[in-house]
Structures are given as C-alpha cells and as structure tokens.
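All remarks here apply to the structure that follows.
None of these values were measured; they are calculated from a predicted model.
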Amino acid sequence: MTNTFRAIAHLKAKTDKKQALKEALLALIAPTRNEPGCLEYILYEDHVTAGIFYMIEEFENEAAFAAHIQSDHFQNFAKMTDELLVDPVNVVRMNRVSN
C-alpha cells in the first residue's frame, strides 16, 4: 500500500518493574510524536496481564524510524531496558495489506 514503517513493539516488564516500565514508555510518547516522520505512536497494555505492553508505531519511512531509534529520548530509554524488561524489546515489522 505505502512505504511507511509500521511495527508493534512487545515489552514485558520484570515483576517488580511494571509501573516503572509503564512510566518510561509513557515518557517516550510526546517527544516521539514530535519527531519528523512520526505518524503514530500509541501505547497499549495487555487487558489481562499487567506489565505487558505493546507500542504501535508508524513512521513515514525506515529512515524516520532509524532516526527515532537514535534520538536522545529513545537512547535514554534503551539504557534502562535491562533493568526493566524480562526479555529484549521484540519489534515486529508489518506490511499493511488492507484499509
């Protein structure tokens, strides 16, 4: 359909870090949405299991996503992931096939 970069990032908090992870992810939203090329950046939490999060991300292209990963706010978050997450962030890239 288009050449945008779409992905879902899956993040699972350590048992005692659920609130800390949620706060860290919420802190990413405003600066990321202000980045050039960011089309969508929405955080969801699993309905049944607290501490499992999904970030729905859409950027104009892969270069805009790459710039996001290099941004100061994302790099600051990345430094905290070992402390907050059970597993590394799992980013699943998707191609849109319908409207």
Side-chain angles (χ1 to χ4, degrees):
M1 300 207 86
T2 62
N3 215 15
T4 61
F5 181 97
R6 290 183 183 88
I8 296 175
H10 174 255
L11 307 100
K12 184 176 180 182
K14 291 181 178 178
T15 303
D16 61 339
K17 298 294 183 177
K18 293 175 186 177
Q19 187 61 34
L21 177 58
K22 184 176 188 174
E23 291 170 9
L25 291 169
L26 286 169
L28 286 174
I29 293 173
T32 299
R33 287 181 179 170
N34 287 324
E35 292 173 16
C38 179
L39 302 174
E40 182 174 73
Y41 201 73
I42 302 173
L43 181 63
Y44 293 87
E45 186 171 14
D46 189 279
H47 179 73
V48 175
T49 308
I52 297 178
F53 297 94
Y54 302 91
M55 188 69 80
I56 308 300
E57 308 178 34
E58 185 173 359
F59 293 85
E60 286 180 357
N61 51 44
E62 197 157 347
F65 177 75
H68 162 64
I69 296 300
Q70 296 304 316
S71 68
D72 289 343
H73 53 273
F74 187 84
Q75 286 298 310
N76 289 336
F77 170 76
K79 291 174 186 171
M80 298 184 289
T81 57
D82 286 344
E83 174 190 336
L84 298 175
L85 302 177
V86 172
D87 299 309
V89 178
N90 180 21
V91 177
V92 178
R93 183 151 182 206
M94 305 172 296
N95 293 320
R96 187 172 183 168
V97 294
S98 73
N99 286 330

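Both Ile29 and Phe77 are part of a single hydrophobic cluster, where members link through side-chain heavy atoms under 4.5 Å apart. Cluster membership check: Val89 shares its hydrophobic cluster with Phe65, using side-chain heavy-atom separations under 4.5 Å among Ile, Leu, Val, Met, Phe, Trp and Tyr. In the hydrophobic cluster analysis, where Ile, Leu, Val, Met, Phe, Trp and Tyr join through side-chain heavy atoms closer than 4.5 angstrom, Met94 is grouped together with Ile56. Hydrophobic clustering (side-chain heavy atoms under 4.5 Å, transitive across Ile, Leu, Val, Met, Phe, Trp, Tyr) groups Ile69 together with Met55. Phe53 and Phe74 fall within the same hydrophobic cluster, where Ile, Leu, Val, Met, Phe, Trp and Tyr residues are linked whenever their side-chain heavy atoms come under 4.5 Å apart, directly or through other members.
What you find for Thr4 and Phe59 is that their closest heavy atoms are CB-O, 3.2 Å. Between Glu60 and Ala64, the shortest heavy-atom contact is N-CB, 4.3 Å. Across every non-hydrogen atom of Met80 and Ala24, the tightest pair is CE-CB, 3.8 Å. Listed here is the closest heavy atom pair of Leu21 and Gly51: CD2-O, 4.4 Å.
Heavy-atom contacts from other residues, nucleotides or ligands closer than 6.0 Å to NZ of Lys14 number more than 12. Applying the 6.0 Å contact sphere to CG of Asp16 captures more than 12 heavy atoms from other residues, nucleotides or ligands.
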Could you please spell out the steps behind the side chain to side chain contact (heavy atoms under 4.5 Å, CB included) verdict for Leu85 and Leu11? CA-CA 7 Å; Leu85 302 177; Leu11 307 100; 4.0 Å; yes
When the side chains of residues 31-44 are checked against the rest of the protein, which donor-acceptor pairs come out under 3.5 Å, sequence neighbours left out?
unit_1, atom_1, unit_2, atom_2, d
Thr32, OG1, Leu28, O, 2.7
Thr32, OG1, His73, NE2, 3.4
Arg33, NE, Tyr41, O, 3.0
Arg33, NH2, Tyr41, O, 2.9
Asn34, ND2, Ala30, O, 3.2
Glu35, OE1, His68, ND1, 3.3
Glu35, OE2, His68, ND1, 3.0
Glu35, OE2, His73, NE2, 2.6

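Taking OG1 of Thr49 as the start and NZ of Lys18 as the end, the distance is 8.0 Å to the nearest 0.5 Å.
Residues satisfying the side-chain hydrogen bond (donor to acceptor under 3.5 Å, both in side chains) test with His10, not counting sequence neighbours, are none.
Ion pairing between Glu58 and Arg96 fails under the 4.0 Å rule for side-chain N and carboxylate O.
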